[in-house]
2 protein chains.
Amino acid sequence: MRAMTDRPVPPPAGSGGAAEQTGVGGAAGARPTEPGGAEPATARGEQTRQLILDTAMRLFRERGYAQTTMRAVAKEAGVAVGNAYYYFSSKEHLIQEFYAETGVEHRARAASVLARETALAPRLRGVLHAGIDTVGPSHEFAAMFFKTAAEPTSPLSPFSAESSPTREASIALFRETLFGSTAKVDPELRDELPELLWLAYLGVVLYWVHDRSPDQAKTRALIDGVVPLIDKLIGLSRLRVLRPVTRDVLGLIRTLRQ
Amino acid sequence: MRAMTDRPVPPPAGSGGAAEQTGVGGAAGARPTEPGGAEPATARGEQTRQLILDTAMRLFRERGYAQTTMRAVAKEAGVAVGNAYYYFSSKEHLIQEFYAETGVEHRARAASVLARETALAPRLRGVLHAGIDTVGPSHEFAAMFFKTAAEPTSPLSPFSAESSPTREASIALFRETLFGSTAKVDPELRDELPELLWLAYLGVVLYWVHDRSPDQAKTRALIDGVVPLIDKLIGLSRLRVLRPVTRDVLGLIRTLRQ
DNA sequence: CTGCGAAGTTGAACGTGTTCGACATCGCGG
DNA sequence: CCGCGATGTCGAACACGTTCAACTTCGCAG
């Protein structure tokens, strides 16, 4: 772990030799289509990519994100540092996979609740709890994830184009939560609501990240307390007296969406 | 900017010599009370600290946060890198000062509105707009500020103990906004509301950070759209029918506060 | 079989934030 | 006026994320 920057010789002229390498030639400047973070084109590539990803995930969980070095990931996976960057353009991009995996597991956990319940409130409550159940084990290291997520320019931001597939899948889950329920929703609200519910879910996760209570009990309390409110609010939105307000809110939301 | 890591000699045995240094002795292990980021004890110290801070702020605004090197700050200020770390324990801590300065200016800008208006809605609206006015010129570099602010463990988090003075001052501003108004508020809500308004302000800033519209027009729209809603909601909270709901919400909030 | 280009792999080098042990300066009691 | 401890200052050294040009491996067209 020492003497990594101590090197009297300016350019060592050749490359080192670790794994068996005996050939000679080859074209020099050949770069893959996407510079960094490319999908592998061969079976071997896919294997290496998965190996690096699994190793990284394991170390992240074992030591935490900040304590896990790219060098450690590479060493543990038995590859060179540069190789990791061939498949993942940055350390943060390794987390993107975690993000996606989390989404898949969230939907799997939510499925049983959605099959069982028909009323909106218990469905929503179940889906939100399923979300916390899913990310639960990764509480400490998820903080890092949300830190970069808060940065607007980051590709990891939940609002970024790069996160679009994961985001859309998550919104679709809330769409099913709503549309599969017996709840009667104002037609004007109907199309916007899934995204709003997803936004509320983001809020819950944001709270969860800051939640230091044992077993994240407070986040559970937040869900249990907020779901009835949302449920009531959705019901109220159909009242004739509140129509103007509903319309105002919807107009504002449409303006704000970027 | 090159050859910073090229150094054949392992340990140069002595320190370098830049500014006039001619003496000899002195105790070796003397460390200040707080390891990194200590308040200066002498006038000279205060001067150096301010110099470093001003230089850093200038460079942050000129080149942006990420593009501003600690080495650049030190060089521009005419001091050594280590000297900067004597007064500020990290690069991020330099932003803490920006945070505090922003709070002071926010209150100054808000004062005129608070002196003029008596109804809650225009007061709140004015204070929120004043906040965006204050932070407006730093839009790009404020993103970085909010990125670290989202991390729960960061001392820069608005919820952290280290941010307590700035946070309390900000909450006090919203207390004045509310209590100085003619609005009649549910007594139970009265004590909690300033903090809730501050929370709403955080939400506005969070939106602002992501707001890429020219002159942050959408954030302005958000404020103008949300203030009447908050105003109405506060008024409604006094209705007898809604008392149970109000009480539920307050109970939830008290539970969630950490 | 041969060679050639694409895909995959390597590790030294770079730039950056941060640490640390040595040194400098200053005020003050003796 | 001397020395001594607290405060301030220095910059090389360190660890880490990231880049890059060289090199290897592999599949396949000829």
Side-chain angles (χ1 to χ4, degrees), chain A residues 1-7 9-33 35-36 38-49 66-74 78-92, chain B residues 1-7 9-33 35-36 38-49 66-74 78-92:
Chain A
M1 277 291 180
R2 284 295 177 85
M4 187 111 331
T5 45
D6 298 337
R7 42 201 146 69
V9 275
S15 80
E20 48 284 347
Q21 298 182 353
T22 37
V24 192
R31 209 68 54 69
T33 328
E39 292 298 302
T42 72
R44 179 164 67 110
E46 180 57 43
Q47 208 171 344
T48 306
R49 188 192 138 94
Q67 281 67 43
T68 302
T69 303
M70 278 292 127
R71 287 171 177 83
V73 172
V79 299
V81 224
N83 203 2
Y85 281 93
Y86 181 77
Y87 293 105
F88 304 94
S89 48
S90 76
K91 190 183 178 185
E92 291 184 352
Chain B
M1 277 294 177
R2 283 295 177 85
M4 187 111 333
T5 45
D6 297 338
R7 42 201 148 65
V9 276
S15 80
E20 48 286 346
Q21 298 183 353
T22 37
V24 193
R31 210 69 53 71
T33 328
E39 291 299 302
T42 72
R44 178 164 68 110
E46 179 57 43
Q47 208 172 343
T48 307
R49 187 192 139 93
Q67 281 66 43
T68 303
T69 303
M70 279 293 129
R71 287 172 177 81
V73 172
V79 300
V81 222
N83 201 199
Y85 280 93
Y86 181 76
Y87 294 106
F88 304 94
S89 47
S90 75
K91 189 183 179 186
E92 291 185 351

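Proteins come first, then strands; the chains are lettered A, B, ... in the order of their sequence lines, and each starts at number 1. All heavy atoms count here, side chains included; hydrogens, waters and symmetry mates do not.
Between A:N83 and the phosphate of C:dG8, there is no side-chain N or O to OP1/OP2 separation shorter than 4.0 Å. Distances shown here put every side-chain N or O of A:Y86 at or beyond 4.0 Å from the OP1 or OP2 atom of D:dT19. Between B:T42 and D:dG8, a side-chain N or O to OP1/OP2 separation shorter than 4.0 Å is present. Distances shown here put every side-chain N or O of A:S89 at or beyond 4.0 Å from the OP1 or OP2 atom of D:dT18. Distances shown here put a side-chain N or O of A:T69 below 4.0 Å from the OP1 or OP2 atom of D:dC16. At the phosphate of D:dT9, OP1 or OP2 sits under 4.0 Å from a side-chain N or O atom of B:T48.
With the nearest nucleotide of DNA chain D identified for both A:K91 and B:G78, B:G78 has the one nearer the 5' end.
The local environment of CD in B:E46 is crowded, with over 12 non-hydrogen atoms from other residues, nucleotides or ligands closer than 6.0 Å.
Using a 4.0 Å heavy-atom cutoff across all strands shown, B:G45 reaches sugar-phosphate atoms only and no base atom. A:V79 comes within 4.0 angstrom of the backbone, heavy atoms only, and of no base.
Straight-line distance from the CD atom of B:Q67 to the P atom of C:dT16: 10 Å, rounded to whole Å. A:Q47 places its CD atom 12 Å from the P atom of C:dG8, with the value rounded to the nearest Å. Taking atom CZ of B:F88 as the reference point, atom P of D:dG8 lies 13 Å away to the nearest angstrom. Residue B:Y87 contributes atom OH, which lies 18 Å from atom C1' of C:dT19 at whole-angstrom precision. We find that CZ of A:R44 is positioned 12 Å from C1' of C:dA6, with the value rounded to whole Å. Atoms CE (B:M70) and P (D:dA15) sit 21 Å apart, rounded to a whole Å. As rounded to whole Å, 9 Å separates atom C1' of C:dT19 from atom OH of B:Y85.
Of the candidate nucleotides C:dC14, C:dG11, C:dT18, C:dT18 has the atom nearest to the side chain of B:V81.
With A:T69 contributing its side chain and A:R71 its backbone, the two residues share no donor-acceptor pair below 3.5 Å. Side-chain atoms of A:T42 come within 3.5 Å of backbone atoms of A:G45 as a donor-acceptor pair (strictly under, hydrogens ignored).
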Task: Pairing pattern in dot-bracket form [Watson-Crick, G-U; both distances under 3.5 Å; | = partner strand] for DNA chain D - done: ||||||||||||||||||||||||||||||
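With hydrogens and angles ignored, a donor-acceptor pair closer than 3.5 Å exists between the side chain of A:R71 and the base of D:dG17.
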